[in-house]
Amino acid sequence: MLRPLKTLYEYFALFTSLTLLGAICLTWSVFAMPLYFLLPRRMGTAVGRRGIMIGFRLYAWSLSATGTYRLDLTAIDSLRGGPPVILAPNHPCLIDALLILTRHPNVVCVMKAELMKNVFLGSGARLARYVRNEPTRQMIKPC
């Protein structure tokens with residue numbers, strides 16, 4: 001009897017957390033789009049990256065609060081204030097990049113070019129001045 005209830009809760013937690021992630025990204029997009037045009041480049045980049053960090057922190061907190069994940073982000077925190085590094089997540093899912101972005105406000109994220117047109121991620125990524133992965137030879141320069 002307990003196993004079916006646990007499975008039901010896991011499905012509920014998964015779909016609730018994905019809905020929350022969508023709501024966070026969509027809400028940030030509503031603010032990020034006009035800010036991209038209104039703010040100077042340097043300020044817009046800082047505001048964009050900070051906004052993404054705060055939104056993803058809220059999401060990571062919700063994952064911990066619901067018991068969906070148990071997160072220990074101390075290793076990611078140790079990178080703050082250090083020398084510049086290139087992090088190359090091998091994301092079979094989005095969670096690894098998302099967790100890095102929760103802890104560091106000054107990260108340049110290289111994204112699939114199609115995601116820049118995505119209603120959930122595009123406006124925030126443009127405001128944060130994230131880099132498209134196309135053309136490949138040119139993407140390193142803005143990083």
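Because only heavy atoms are used, hydrogens play no part in the values below, and waters and symmetry mates are left out as well, while side chains stay in. None of the values given here were measured: they were computed from a predicted structure.
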| said: I'd like to know whether CE of Met33 has more than 12 heavy-atom contacts from other residues, nucleotides or ligands below 6.0 angstrom. | reply: no
| Any idea how Tyr9 and Phe12 line up, ring-wise: parallel (<30°), tilted (30 to 60°), or perpendicular (>60°)? | tilted
| task | Examine Leu38 and Trp28 and state if one hydrophobic cluster contains both, with Ile, Leu, Val, Met, Phe, Trp and Tyr joined whenever side-chain heavy atoms are less than 4.5 Å apart. | result | no
| Can you name the one residue among Asp72, Leu71, Ile76 that meets side-chain contact (heavy atoms from CB on, under 4.5 Å) with Thr74? | Asp72
| field | Nearest non-hydrogen partners of Arg129 and Val108, listed with the distance | value | O-CG1, 4.5 Å
| remark: Which of Leu101, Asp96, Ile95 passes side-chain contact (heavy atoms from CB on, under 4.5 Å) with Leu99? It is Ile95
| field | Nearest atoms (heavy-atom pairs only) where Gly124 meets Ile52 | value | O-CD1, 3.6 Å
| query | With no hydrogens and no angle check, is any side-chain donor or acceptor of Ser29 less than 3.5 Å from a backbone partner on Phe120? | reply | yes
| Asp77 side chain vs Leu79 backbone, donor-acceptor pair below 3.5 Å | no
| Which atom of Cys25 lies closest to which atom of Leu121, heavy atoms considered | SG-CD2, 3.8 Å
| Least distance between heavy atoms, Met111 atom then Ala125 atom | SD-CB, 3.4 Å
| message | For Leu73 versus Arg103, what's the shortest heavy-atom pair and its separation? | response | CD1-CD, 3.8 Å
